[in-house]
2 protein chains.
Amino acid sequence: MPTSKDVALAAGVAQSTVSYVLSGKRPISDETRKKVEAAIEQLTYHPNAGARALASRRTRVIGLVIPFIPELHMASLMEFVSCIASTARQHDHDILLVTEDEGADGLRRVVGQQICDGLILMQVAGEDERLPVARALKVPVVLIGIPRDPSGLVCIDADFELAGQMAVHDLAAAGHSTIGVIAWQPEVVERQVNYVDRFVRGTNQAAKELGVKLIHVVGGTDVGTISRSVDEVLGRTTGQPAFIAPEGIVQEILLRALSARGLTPGTNVSVIGSASPALAELQPVPLSTIDLRPREVSRRAVQIICSLLESGSEGPHESLELVPPTITHRSSVIRPAKAKAS
Amino acid sequence: MPTSKDVALAAGVAQSTVSYVLSGKRPISDETRKKVEAAIEQLTYHPNAGARALASRRTRVIGLVIPFIPELHMASLMEFVSCIASTARQHDHDILLVTEDEGADGLRRVVGQQICDGLILMQVAGEDERLPVARALKVPVVLIGIPRDPSGLVCIDADFELAGQMAVHDLAAAGHSTIGVIAWQPEVVERQVNYVDRFVRGTNQAAKELGVKLIHVVGGTDVGTISRSVDEVLGRTTGQPAFIAPEGIVQEILLRALSARGLTPGTNVSVIGSASPALAELQPVPLSTIDLRPREVSRRAVQIICSLLESGSEGPHESLELVPPTITHRSSVIRPAKAKAS
DNA sequence: ACTCTTTCTCGATGCGTATCGACGAAGCGT
DNA sequence: ACGCTTCGTCGATACGCATCGAGAAAGAGT
């Protein structure tokens, strides 16, 4: 492996000059720069990350802390991971995977060993054992998800409350006066991820404003539970039934349950789901969905941590950012008779 | 952050002694060791990864190269990632995420910068642009998946050929003389991941041995395609129909299509799928499945690369390891009338 | 011709660790 | 008592880079 000394030798300059060409922290004449760049090219020189970290006290690596909970929807998790990794690269950083096998000690380890300059915590629960550690660490930490007590922490998440409002508004505008809201699967609810509450709060608030009746029923990944939930909503609905299913898997099973009851989205039942656009299009009836924009959340998480790293801020920061969701109308919501005059 | 010098000072020894206590590469008296360990504990000392890498030319980091292809089943990918990360930690290594945004240059970069000691390549296709790079790199590389030309490479994968054989054997033993084999979704087939071929080869071989007729039909993620495939198989089957669906999503849709035709697995149709055990149990009729053991494949991949790293082998190695799948009988295969004498 | 900038480059140093050679202290046999 | 090995520790050095202070060169102003 060539070193910056080799490059310097080949270019006929001092090692420090090579370093300055690379960092741009001192003016370099065009002539010298070109010689150095040519040598770098020719030797396929890559600066040694370890030496760089040692000298600059910066690793340009961000630790990504993921609890692998089998129940949670892995596919969407992967979307976060993928987008975080890409964005990090755009900021010239790499991503180190930190699994939860080690628990909170894992965080202390990677920071203590100075493998990472900062951390992104995914799947943050309401009460999370990682939080005290996150607060105590001397490096920037960004949470994806909002814990019960976000004080002293930098958080970002989708705006679930707004999402709930938007869904109710949309169905109310379509003429529904009763709306079934199917909750997340119990495993999620138990984990105290408070986005469930935030979503529910949003729906309730909108319902109150609009004078709409909400029926909150339990979710799950098994057909039986969802069937019971559906029947409960149907039994208490007068007029056209409407459903909101904010979670991917639950929504999937809901659609099957409706189909089994002869209900077709967009025709005699309205459904707002939360699948990815691709999946929403694939449904027999293209599904109107709320997009919580996981990619945008991921992108912002990386941007925030990178700006914290740039500013070299020592003290603990505190901020809370919510990414507004978007709603996409496809064909699964019953179009109200266009004319008011019937 | 305390350094080994601080520890040495606190313990009243030389810095090098601290280093030897940690590495165990030279004998240390019990008395000294205890003093040093106490100092380490008290200062919560963690050796600096950069300095360590610089001095030892070992980062103890493994690069994990994942192509994020939206079509592929992200959930199962995550299972690999999770298991690889855990196993790596058991070997005292960390995992760096390398996305394919950078293409093959990404591999050169992380190796050139010496961020990683070695690489694991996931989702290796038949012809993969990463292969020439992998062969040229001076660090150990382990592929998960078998490319068309595995020469000069270290590969590991599930034994798809054996899986195909086992599935056919199993259905033949249950009395089926005609079996429908539903392929992977076209996106996978197009990617030339040759496990599709290997699986098919396995089924064909077993069918030939056993005198069973196979009907190979296309797979997909949309109901229409699968419906047509199912109908083709049904039309050409005499006696009880049987299906093999080696891919998770395809299998899911197959089950729906069968149910829509009044066919119930284990009663008037046999199905062997490939879902995770948890998901297989969740089905209305618990699904008999072939488990390709992704966790075992992951585990072995890490073990292999770690042993290559230990041995410090320079030259390019070559090996090919296949993890035998297991078959789990649940209730989705029709039990043949027990007695031979009818 | 002189000093005073400005622009560019060089040499030296330090980051925190692993590792090598060396050295004193024991323990052994003769 | 002598050399000889083994054990346990220390000091010095190198790893590859970033960074600081200094200095050479070139131009600007008097």
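In what follows, every chain begins at residue 1, and chains take the letters A, B, ... in the order their sequences are listed.
Remark: C1' of D:dC10 and CD1 of B:I28 are 11 Å apart, rounded to the nearest angstrom. Atom P of nucleotide D:dC17 and atom CG of A:D6 are separated by 9 Å, given to the nearest angstrom. The distance from atom NE2 of A:H46 to atom P of D:dC15 is 21 Å, rounded to the nearest whole Å. In this structure, A:L9 atom CG and D:dC17 atom P are separated by 14 Å, rounded to whole Å. The CD1-C1' distance, from A:I115 to C:dT17, rounds to 14 Å in whole Å. Computed from coordinates, the A:M1 CE to D:dC17 P distance equals 11 Å when rounded to whole Å. Nucleotide C:dT17 holds its C1' atom 8 Å from the CG atom of A:L54, rounded to whole Å. With rounding to whole Å, B:R58 atom CZ is found 13 Å from C:dA18 atom C1'.
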Whether each nucleotide of nucleotides 18-26 of chain D has a protein heavy atom under 4.0 Å at its base (B), only at its sugar-phosphate (S) or at neither (-) is summarised, 5' to 3', as BBBBB----
Which donor-acceptor pairs under 3.5 Å do the side chains of residues 16-25 of chain B make with protein atoms, sequence neighbours left out?
residue	atom	partner	partner atom	Å
B:S23	OG	B:S19	O	3.3
B:S23	OG	B:K25	N	3.3

Output a table of donor-acceptor pairs, distance under 3.5 Å, between side-chain atoms of residues 78-88 of chain A and any protein atom two or more places apart or on a different chain; print 'none' if there are none.
residue	atom	partner	partner atom	Å
A:S86	OG	A:S82	O	3.1
A:S86	OG	B:D101	OD2	2.6
A:T87	OG1	A:C83	O	2.8

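The shortest distance between the side-chain N/O atoms of A:S29 and the OP1/OP2 oxygens of C:dC8 is not below 4.0 Å. Distances shorter than 4.0 Å separate some side-chain N or O of B:S4 from OP1 or OP2 on C:dT17. Taking 4.0 angstrom as the limit, B:R57 places none of its side-chain polar atoms (N or O) nearer than this to OP1 or OP2 of D:dA14.
Residues passing the side chain to side chain donor-acceptor pair (under 3.5 Å) test with A:R295, sequence neighbours excluded: none. Applying the side chain to side chain donor-acceptor pair (under 3.5 Å) criterion to A:R108, with sequence neighbours excluded, gives A:D105. Under the side chain to side chain donor-acceptor pair (under 3.5 Å) criterion, A:S319 pairs with no residue, sequence neighbours left out. For B:S76, there are no side chain to side chain donor-acceptor pair (under 3.5 Å) partners two or more places apart in sequence or in a different chain.
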Using a cutoff of under 3.5 Å, can you pull out all pairs of nitrogen or oxygen atoms linking the protein to nucleotides 24-28 of chain C, with atom names and distances?
none

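Comparing D:dC10, D:dG8, C:dC10 by their closest approach to the side chain of B:P27 singles out D:dG8.
Contact annotation: the side chain of B:V7 approaches that of B:V36 to within less than 4.5 Å [non-hydrogen atoms, C-beta and beyond].
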A:R60 vs A:D94, side chain to side chain contact (heavy atoms under 4.5 Å, CB included): CA-CA, chis, key distance, verdict: CA-CA 6 Å; A:R60 307 199 72 78; A:D94 278 292; over 6 Å; no
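The salt bridge (Lys or Arg N to Asp or Glu O under 4.0 Å) contacts involving residues 31-56 of chain A comprise A:D30-A:R33, where partners must be two or more places apart or lie in separate chains.
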